[in-house]
Structure formats: structure tokens, C-alpha cells
Asker: 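Starting off with a structure, shown below.
We use all heavy atoms of the structure for the numbers below, so side chains are in, but hydrogens, waters and symmetry mates are not.
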Amino acid sequence: VQLQASGGGLVQAGGSLRLSCAASGRTFTRYGMGWFRQAPGNEREFVAAISWSGGRTYYADSVKGRFTISRDNAKNTVYLQMNSLKPEDTAVYYCAATSRGWGQDPVDFGSWGQGIQVTVSS
């Protein structure tokens, strides 16, 4: 599956952004989806995951209550709504797909979109 992410940018602390990730090439509902991020000098870290049906979601503690992952299987798209953004959310964000249907470890995800920059100013 090919993934194309969009929606990043610059926002002030406390603001909101919505990331989108459009999938093509394979049956979207075969895949669990996830969002990861990587800040300079840091390893790639898990942000959120959603099962193939959308019925199961999971979040990193650092974003719980502020970020929401969702998917529209009719549009082959997964979203990450980010509210109450903090400067420490600044990173390159990646969407990813897992044929295992569910995952939180980057090694579980076989397809990755291009990274998109999210910058939160203080």
C-alpha cells in the first residue's frame, strides 16, 4: 500500500492541526494504521494506532486526551486530529500501515508515508 500524508505546518502552542494520510494500491481495510513522529536527535516514537475497522484505538501517554486518530475506509484515509499542541509535539510525523491489523512498534509496520513537518511555536 502506498501512503501520502498531508496537513503539517506551523502552529502556535495551544493550536490545532489535522494530518491526513491517503492510501492507495491495496485494500485499505486490510490494514491497521498508525502515526509516529521523530524529533531531531530522537528515535521514531509511536503516537497513535487504529485497527482496520476503526473500532480500536490506542495512544501514547504523551498525546492521550489531545490527539484523536480516525479513519474513513470509504475514502481510504486515516486522520490525526491534534489539539492543544505543545512545543514538544514538534517533529516529523509519519503515517504507516500494518498488514497485521494492529500494532504500536515501528517494526510491525511495513508501509510508510513520507514524513511531514509539524512545528509548534511557544
Asker: If you measure only the distance, is there a donor-acceptor pair under 3.5 Å linking the side chains of Gln4 and Ser6?
Answerer: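 No pair is found: no donor N or O on one side chain lies under 3.5 Å from an acceptor on the other.
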
Asker: Working to the nearest 0.5 angstrom, can you tell me the gap between Ser62 OG and Phe46 CZ?
Answerer: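 If we round to the nearest 0.5 Å, Ser62:OG and Phe46:CZ are 9.5 Å apart.
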
Asker: Kindly state whether the ring of Phe109 and the ring of Phe36 have centres lying under 6.0 angstrom apart.
Answerer: yes

Asker: Closest approach of Val1 and Ala97, non-hydrogen atoms and distance?
Answerer: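 The answer is CG1-CB, 3.7 Å.
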
Asker: Do Trp102 and Asp108 make a side-chain contact, defined as non-hydrogen atoms from C-beta onward lying under 4.5 Å apart?
Answerer: no

Asker: How far apart are the closest heavy atoms of Phe28 and Asn76, and which atoms are they?
Answerer: CB-OD1, 3.3 Å

Asker: Between Asn42 (side chain) and Ala39 (backbone), is there a donor-acceptor pair under 3.5 Å?
Answerer: no

Asker: Just do the side chain to side chain contact (heavy atoms under 4.5 Å, CB included) check on Phe67 and Leu85 with the steps written out, would you?
Answerer: CA-CA 9 Å; Phe67 291 12; Leu85 282 160; 3.8 Å; yes

Asker: For Ser16 and Asn83, what are the C-alpha separation, side-chain angles and deciding distance, and is it a side chain to side chain donor-acceptor pair (under 3.5 Å)?
Answerer: CA-CA 4 Å; Ser16 298; Asn83 298 329; 2.9 Å; yes

Asker: Any chance you could lay out the side chain to side chain contact (heavy atoms under 4.5 Å, CB included) test for Met33 and Arg71, step after step, and finish with the verdict?
Answerer: CA-CA 9 Å; Met33 300 296 295; Arg71 65 190 295 162; 3.6 Å; yes

Asker: Could you list all the side chain to side chain donor-acceptor pair (under 3.5 Å) pairs where at least one residue sits in residues 48-58, not counting sequence neighbours?
Answerer: none

Asker: Atom CZ in Arg66, atom OG in Ser84: separation rounded to 0.5 Å?
Answerer: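 Answer for the CZ-OG pair, Arg66 versus Ser84, is 7.0 Å.
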
Asker: Please tell me if the side chains of Ser99 and Tyr31 come closer than 4.5 Å, counting only heavy atoms from C-beta onward.
Answerer: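 Of all side-chain heavy-atom pairs linking Tyr31 with Ser99, at least one is under 4.5 Å.
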
Asker: Take Arg37 and Thr90 through the side chain to side chain contact (heavy atoms under 4.5 Å, CB included) test and state the conclusion after the steps.
Answerer: CA-CA 9 Å; Arg37 67 187 182 187; Thr90 295; over 6 Å; no

Asker: Going from CH2 on Trp35 to CG on Leu80, what distance comes out if it is rounded to the nearest 0.5 angstrom?
Answerer: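 Those atoms lie 6.0 Å apart.
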
Asker: Which atoms form the tightest heavy-atom contact between Gly103 and Ala49, and what is the distance?
Answerer: O-CB, 3.3 Å

Asker: Is there a side-chain contact between Thr119 and Val11, using heavy atoms and a 4.5 Å cut-off?
Answerer: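 No. Closest side-chain heavy atoms not under 4.5 Å.
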
Asker: For the residue pair Tyr59 and Ile69, what are the closest heavy atoms and their distance?
Answerer: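 Reported closest heavy-atom pair: OH-N, 2.9 Å.
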
Asker: Is there a side chain to side chain contact (heavy atoms under 4.5 Å, CB included) between Met82 and Leu19 once you walk through the steps?
Answerer: CA-CA 8 Å; Met82 304 185 294; Leu19 306 182; 3.7 Å; yes

Asker: Less than 4.0 angstrom from a charged side-chain N to a carboxylate O is my criterion; do Lys64 and Asp61 meet it?
Answerer: yes

Asker: Taking all atoms of both residues into account, what is the closest heavy-atom pair of Leu3 and Cys21, and its distance?
Answerer: CB-SG, 3.8 Å

Asker: Kindly give the heavy-atom pair with the smallest separation between Val47 and Val63, and that separation in Å.
Answerer: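 Taking Val47 first and Val63 second, the nearest heavy atoms are O-CG2, 3.5 Å.
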
Asker: With distance as the sole test, does Thr27 use its side chain to make a donor-acceptor pair with the main-chain N or O of Thr29 at under 3.5 Å?
Answerer: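 Not a single qualifying donor-acceptor pair exists.
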
